> 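Below: one structure in structure tokens.
Quick caveat, the model's predicted, so the values are computed rather than measured. FYI, the numbering just counts along the sequence from 1.
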Amino acid sequence: LSGCGPSSAQGGPGGPPPVSVAPAVQRTLQTSEDFSARIEAQATVELRSRVAGTVHRVHFKEGQRVAKGALLFTIDPKPYAAELERAQAQLASTRTAAELAKDERERAEKLLPMQAVSVQEVDQLRAAERNAQAAEKAARAAANTAQLSLGYTRITAPVAGRISRADVTPGNLVGVGEPVLSTIVASDTVQVWFDASESSFLKISQAMRAGGAAPTVAVGLSNEEGLPHTGTVDFVDNQLNP
């Protein structure tokens, strides 16, 4: 009789299990993804000679930092200096010939009203003056070319950065463009390239096309703790690796 009493209607020993509750909060979450990347210099320049000749001197220590415009190699300048002198002498000769042709044409034109010279002779002198002027222009162009070639014997750094080893030593003959003398890598600014997933590719490219803020990236090297370097995504390729 005691088993059928009011106590048998309870929910069992201990009651329902306890639960924890918290108020719902609405906020914006910043999503992030991890990628393996490669770091590349923004500019890498292969040094090549623009004139043929013998390497006269190397003006740098291998592996050092060089400033933009620093002298790195010298090609033997003596043949190009001699060619410049010859071109300048030719220019002076043609300039003198052009001045003489001008004087003769002016004298003939003054005599033409007095019929001391014929019209044909004046026309011939005018043509001679034009030919002399054309020869002077050609000689000036040759002198400018010789001046450029002499300047190309001094190979300077087109960018600032760290230079590699000298692949050609003094005494070796080099041609135009071959071989590569050395390499400069600009180290003031680097770029980080990474292959993203399709979803990240679509999300980033759509955000950049919409004109919003460029996505930020945090970069860390293998010997660094965390991701101490920051940057922004400034370029997304025009195709996706299928």
> I need the minimum non-hydrogen distance between V192 and A37, along with the two atoms involved.
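Closest heavy-atom pair between V192 and A37: CG1-CB, 3.4 Å.
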
> Taking atom CD of E225 as the centre, report whether more than 12 heavy atoms of other residues, nucleotides or ligands fall under 6.0 Å from it.
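No, CD of E225 has 12 or fewer neighbouring heavy atoms, counting only those of other groups under 6.0 Å.
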
> Is the closest side-chain heavy-atom distance between D195 and R38 below 4.5 Å?
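They are in side-chain contact.
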
> Identify every side-chain donor-acceptor pair in residues 154-171 under 3.5 Å, counting partners at least two apart or on other chains, and give the distances.
from : atom 1 : to   : atom 2 : distance (Å)
R162 : NH1    : G63  : O      : 2.7
R165 : NH1    : D167 : OD1    : 2.8
T169 : OG1    : N172 : ND2    : 2.9

> To the nearest 0.5 Å, what is the distance between CG (D123) and CZ (R126)?
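Output value for this atom pair is 6.0 Å.
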
> Checking L72 against S182 for the side-chain contact (heavy atoms from CB on, under 4.5 Å) test, could you report, in this order, the C-alpha distance in whole Å, the side-chain angles of both residues, the deciding distance, and whether it holds?
CA-CA 9 Å; L72 303 177; S182 187; over 6 Å; no

> Kindly assign one of parallel, tilted or perpendicular to the pair F194 and F35, based on the angle between their ring planes and the thresholds 30° and 60°.
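Taking F35 first and then F194, their aromatic rings lie parallel (interplane angle under 30°).
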
> Tell me whether Q115 at atom CD has more than 12 heavy atoms from other residues, nucleotides or ligands lying less than 6.0 Å away.
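Open.
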
> Could you go step by step and tell me if E40 and V190 meet the side-chain contact (heavy atoms from CB on, under 4.5 Å) rule?
CA-CA 6 Å; E40 296 180 1; V190 295; over 6 Å; no

> Is the shortest side-chain heavy-atom distance between L221 and I39 below 4.5 Å?
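L221 vs I39: side chains touch.
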
> Do V174 and V176 share a hydrophobic cluster, counting only Ile, Leu, Val, Met, Phe, Trp and Tyr and linking them when any side-chain heavy atoms are less than 4.5 Å apart?
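Looking at the clustering, V176 is in a separate group from V174.
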
> Could you grab the distance from atom CG of N238 to atom OG of S205, nearest 0.5 Å is fine?
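Rounded to the nearest 0.5 Å, the CG-OG separation comes out at 11.5 Å.
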
> Taking C-beta and beyond as the side chain, do H56 and I75 meet within less than 4.5 Å on heavy atoms?
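No, side chains not in contact.
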
> May I have the list of side-chain donor-acceptor pairs in residues 95-103 shorter than 3.5 Å, sequence neighbours left out?
from : atom 1 : to  : atom 2 : distance (Å)
T96  : OG1    : A92 : O      : 3.0

> What distance separates L125 CG from R130 CZ, expressed to the nearest 0.5 Å?
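L125 CG to R130 CZ: 11.0 Å, rounded to 0.5 Å.
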
> Treat each ILVMFWY residue as a node, draw an edge where side-chain heavy atoms are under 4.5 Å apart, and state whether L71 and V58 are in one component.
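In one cluster with L71: V58, no.
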
> In this structure, would M114 and L112 fall into the same cluster of hydrophobic residues linked by side-chain contacts under 4.5 Å?
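They do share one cluster, since a chain of ILVMFWY contacts under 4.5 Å joins M114 to L112.
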
> Is V233 reachable from L202 through a run of hydrophobic residues whose side-chain heavy atoms are each under 4.5 Å from the next?
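Yes: a chain of side-chain contacts under 4.5 Å links L202 to V233.
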
> Is the count of non-hydrogen atoms from other residues, nucleotides or ligands lying under 6.0 Å from Q120 atom CD greater than 12?
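It does not: Q120 CD has 12 such atoms or fewer within range.
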
> One pair to check against side-chain contact (heavy atoms from CB on, under 4.5 Å): T230 and T216. What are the steps and the verdict?
CA-CA 7 Å; T230 58; T216 59; over 6 Å; no

> Quick one: closest heavy-atom pair of P215 and I204, and the distance?
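That closest heavy-atom pairing would be CG-CG2, 3.9 Å.
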
> Could you tell me which non-hydrogen atom of V185 sits nearest to which non-hydrogen atom of A41, and how far apart they are?
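Looking at all heavy atoms of both residues, the shortest contact is CG1-CB, 3.2 Å.
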
> Which atom pair, heavy atoms only, marks the closest approach of P228 to G226?
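Here P228 and G226 meet closest at CD-O, 3.4 Å.
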
> What distance separates F73 CZ from R57 CZ, expressed to the nearest 0.5 Å?
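Taking CZ in F73 and CZ in R57, the distance rounds to 12.5 Å.
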
> Can you tell me how far CZ of F201 sits from CD of Q206, rounded to the nearest 0.5 angstrom?
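Interatomic distance, Q206 CD to F201 CZ, rounded to 0.5 Å: 9.5 Å.
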
> Mind running salt bridge (Lys or Arg N to Asp or Glu O under 4.0 Å) on E106 and K110 for me, showing each step along the way?
CA-CA 6 Å; E106 290 178 348; K110 292 178 181 179; 5.8 Å; no

> Rounded to the nearest 0.5 Å, what's the gap from CZ on R65 to CZ on F60? Could you check?
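It comes to 15.5 Å.
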
> Tell me the closest heavy-atom pair linking I184 and V66, and the distance in Å.
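The answer is CD1-CG2, 4.1 Å.
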
> For residues E46 and R48, report the shortest heavy-atom separation together with the two atoms involved.
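Shortest heavy-atom contact: OE1-NH2, 2.7 Å.
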
> Less than 3.5 Å apart, which donor and acceptor atoms pair up between the side chains of residues 132-141 and the rest of the protein, not counting sequence neighbours?
from : atom 1 : to   : atom 2 : distance (Å)
Q133 : NE2    : E129 : OE2    : 3.4
E136 : OE2    : R140 : NH2    : 3.0

> Quick one, S149 and E83 - any side-chain contact, counting heavy atoms below 4.5 Å?
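Side chain of S149 against side chain of E83, heavy atoms only: no contact under 4.5 Å found.
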
